[in-house]
*Asks:* 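My questions will all concern the structure given below.
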Amino acid sequence: LSKDDIYKLYIHSTDADFDGDYSASKQIWSKLGTSLAHQSDIQADFDGYLDEFEASRNLWKAGKAASAGNAGILGTRKVNAKGLEPNQMATKSTIGALSAHNAMSYYLDTQLDAGTNRDDNDAGTLATGKNYTTMEHKWDEAYGYCLYWHNILLAKYARKLNSEFSLEDNLHKAFKAGRQAIVDKDYDTRDAQADLIKGYVEQILIEKAKDYVEGGRATLASEGALTGDAAHDLSEGYGFIYSLQFTSKFTRDFVMNHMLPILTKDNGLWSVTDSDLEKLLNMVNTNYDFSRNGSTSVSYSGQIDRIEM
């Protein structure tokens with residue numbers, strides 16, 4: 001596949017050079033950062049991932065070994081000149097820009113009461129040709145972005161974190177309670193459940209950003225040099241950190257100009273140090289209270305100068 005082929009899959013073009021099955025009716029590209037004023041900037045970020053793929057793919061095909069400043073194969077991983085895997089950067093960034101954003105900030109926020117949705121729901125007016133109201137449908141669309149049956153994107157990590165944090169279970173319960181509240185026309189309860197859902201989704205993004213940076217840091221420390229395993233973890237961490245801009249706790253400016261440059265400065269992962277990753281973890285922990293195995297650690301205040309100490 002080329003950059004153009006992958007882009008055609010994003011925009012559901014039927015002439016992509018791809019042999020697998022995919023739904024040509026589903027448009028992903030236009031859903032990245034839906035309705036945000038800076039949506040074009042988000043789409044440009046994904047263009048950047050495609051550019052990194054295109055710049056590196058022939059070196060991967062040729063089996064060239066990766067090194068500082070040179071894309072290639074690192075262990076079993078296909079990395080760019082910064083030591084990052086473009087596929088992992090893009091996939092994990094999609095979790096934030098597509099799944100989390102559309103659930104939290106679009107369907108559960110601007111769309112529930114859009115237009116005449118509340119009046120129609122109060123009157124029991126069904127969507128044309130359907131057996132549900134438009135408000136019910138918008139709620140259900142948010143559910144789909146969070147807990148679709150395929151084990152991919154946000155749903156995959158809700159399930160991965162379920163045994164420790166009950167996040168899949170809690171999301172399902174909140175969606176069920178909120179859906180019943182819409183049927184009962186109890187909008188205070190609906191909104192309370194929506195707030196719970198947003199908190200659970202944010203926790204998924206923050207926990208996984210933290211987990212992958214910790215994993216990459218531990219591997220770097222034990223191996224003493226960048227390996228494919230460390231690059232893989234930190235590439236996934238990159239994507240989850242990118243996704244933090246779609247939460248209520250991190251701004252795009254902070255993510256793009258203070259967090260991600262730690263992983264891309266100089267020669268990228270070839271240059272990153274343990275203290276760099278410690279600083280990044282402090283940033284991830286900003287204004288967040290992590291509870292794990294019965295213990296709690298309260299994070300930093302969120303001030304940049306304190307974080308960088």
Side-chain angles (χ1 to χ4, degrees), residues 32-33 42 45-46 49 77 84-105 145-148 150-172 174 196-220 229-252 254-256 258-260 262-264 269 272 276-293 295-297 299-300:
L32 298 172
I42 293 165
D45 296 336
F46 282 80
Y49 297 146
R77 305 298 179 179
L84 290 156
E85 293 179 280
N87 67 325
Q88 292 301 328
M89 297 162 73
T91 301
K92 273 51 181 187
S93 296
T94 301
I95 293 174
L98 179 73
S99 303
H101 167 69
N102 279 285
M104 294 191 296
S105 300
Y145 275 106
C146 291
L147 290 175
Y148 26 73
H150 294 300
N151 202 37
I152 58 172
L153 298 178
L154 188 66
K156 174 181 178 179
Y157 291 94
R159 293 173 186 132
K160 278 180 172 287
L161 291 168
N162 197 53
S163 62
E164 189 170 7
F165 298 104
S166 300
L167 285 170
E168 181 187 19
D169 293 342
N170 288 338
L171 278 168
H172 182 76
L196 286 175
I197 291 164
K198 293 173 185 179
Y200 297 143
V201 171
E202 290 188 347
Q203 185 177 1
I204 292 169
L205 300 180
I206 296 170
E207 293 286 356
K208 294 314 299 180
K210 180 172 179 279
D211 285 349
Y212 282 119
V213 174
E214 285 180 338
R217 183 187 184 192
T219 301
L220 278 175
D229 287 344
H232 182 65
D233 276 349
L234 292 173
S235 298
E236 293 193 273
Y238 181 105
F240 274 107
I241 290 167
Y242 177 90
S243 293
L244 296 181
Q245 66 184 281
F246 302 101
T247 72
S248 65
K249 296 175 173 64
F250 296 84
T251 65
R252 176 172 171 82
F254 189 73
V255 168
M256 303 301 290
H258 296 281
M259 300 181 80
L260 292 179
I262 292 174
L263 298 176
T264 59
L269 300 188
V272 77
D276 288 332
L277 297 179
E278 181 180 22
K279 181 170 76 171
L280 185 56
L281 284 167
N282 287 340
M283 291 177 173
V284 173
N285 285 333
T286 299
N287 292 335
Y288 198 75
D289 182 9
F290 288 94
S291 297
R292 211 177 262 267
N293 299 323
S295 62
T296 299
S297 61
S299 65
Y300 288 87

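Counting from 1, the numbers follow the sequence of the chain as shown.
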*Asks:* Please name the pair of heavy atoms, one in K92 and one in F240, separated by the smallest distance, quoted to 0.1 Å.
*Replies:* CG-CE1, 3.3 Å
*Asks:* Partners of T251 by side-chain contact (heavy atoms from CB on, under 4.5 Å), sequence neighbours excluded?
*Replies:* D253, F254
*Asks:* About how many Å separate CG of D276 and CG of L281, when rounded to the nearest 0.5 Å?
*Replies:* 11.0 Å
*Asks:* Measure the shortest side-chain to side-chain distance between I197 and N170 over non-hydrogen atoms and say whether it is less than 4.5 angstrom.
*Replies:* no
*Asks:* Measure across A158 and L171 and return the closest heavy-atom pair with its distance rounded to 0.1 Å.
*Replies:* CB-CD1, 4.1 Å
*Asks:* Got a second to check how far L153's CG is from K156's NZ, nearest 0.5 Å?
*Replies:* 9.0 Å
*Asks:* Can you name the residues that form a side chain to side chain donor-acceptor pair (under 3.5 Å) with T94, not counting sequence neighbours?
*Replies:* none
*Asks:* Using the test side chain to side chain donor-acceptor pair (under 3.5 Å), find all partners of Y242 that sit at least two apart in sequence or belong to another chain.
*Replies:* D45
*Asks:* Using the test side chain to side chain donor-acceptor pair (under 3.5 Å), find all partners of S93 that sit at least two apart in sequence or belong to another chain.
*Replies:* Y49
*Asks:* CD1 of I206 to OG of S243: how many Å apart, nearest 0.5 Å?
*Replies:* 11.0 Å
*Asks:* Test S99 against Y148 for side-chain hydrogen bond (donor to acceptor under 3.5 Å, both in side chains), laying out the working first.
*Replies:* CA-CA 10 Å; S99 303; Y148 26 73; 3.1 Å; yes
*Asks:* What's the shortest heavy-atom distance between A209 and I241, and which atoms?
*Replies:* CB-CG1, 4.0 Å
*Asks:* How far does CG of N151 sit from OH of Y157, to the nearest 0.5 angstrom?
*Replies:* 9.0 Å
*Asks:* When you look at E278 and R217, which way does the side-chain contact (heavy atoms from CB on, under 4.5 Å) test go after all the steps?
*Replies:* CA-CA 8 Å; E278 181 180 22; R217 183 187 184 192; 3.7 Å; yes
*Asks:* Restricting to non-hydrogen atoms, name the atom on T247 and the atom on M104 that form the minimum distance, rounded to 0.1 Å.
*Replies:* CA-CE, 4.4 Å
*Asks:* Quick check: do F46 and L32 have side-chain heavy atoms less than 4.5 Å from each other?
*Replies:* yes
*Asks:* Side chains of L234 and L277, heavy atoms from C-beta outward: is any pair under 4.5 Å?
*Replies:* yes
*Asks:* Taking all atoms of both residues into account, what is the closest heavy-atom pair of A174 and Y200, and its distance?
*Replies:* CB-CE1, 4.3 Å
*Asks:* What are the two closest non-hydrogen atoms of L161 and I204, and how far apart are they?
*Replies:* CD1-CA, 4.0 Å
*Asks:* Let me see the working for Y238 and M89 under side-chain contact (heavy atoms from CB on, under 4.5 Å), right down to the final yes or no.
*Replies:* CA-CA 6 Å; Y238 181 105; M89 297 162 73; 3.7 Å; yes
*Asks:* Could I get the full list of side chain to side chain donor-acceptor pair (under 3.5 Å) partners for S248, not counting sequence neighbours?
*Replies:* E202
*Asks:* Could you work out, with side-chain contact (heavy atoms from CB on, under 4.5 Å) as the rule, every residue matching R77, not counting sequence neighbours?
*Replies:* V79, E85, H232
*Asks:* Can you see whether Y212 has K208 sitting over its ring - NZ or CZ less than 6.0 Å from the centre and within 45° of the normal?
*Replies:* yes
*Asks:* Side chains of L167 and K160: closer than 4.5 Å at any heavy-atom pair?
*Replies:* no
*Asks:* When rounded to the nearest 0.5 angstrom, what is the spacing between CG in D211 and CG in D233?
*Replies:* 9.5 Å
*Asks:* Would you give the length of the straight line joining atom CG of L220 to atom CG of L269, rounded to the nearest 0.5 angstrom?
*Replies:* 7.5 Å
*Asks:* Report the C-alpha distance between K249 and L244 in whole Å, list the side-chain angles of each, state the deciding distance to 0.1 Å, and finish with yes or no for side-chain contact (heavy atoms from CB on, under 4.5 Å).
*Replies:* CA-CA 8 Å; K249 296 175 173 64; L244 296 181; over 6 Å; no
*Asks:* Check whether any side-chain N or O of N102 sits under 3.5 Å from a backbone N or O of L98 as a donor-acceptor pair, and report yes or no.
*Replies:* yes
*Asks:* Give a yes or no answer on whether the side chain of N162 reaches the backbone of D169 with a donor-acceptor pair at less than 3.5 Å.
*Replies:* yes
*Asks:* So do the side chains of F165 and E207 get within less than 4.5 Å of each other, counting heavy atoms only?
*Replies:* yes
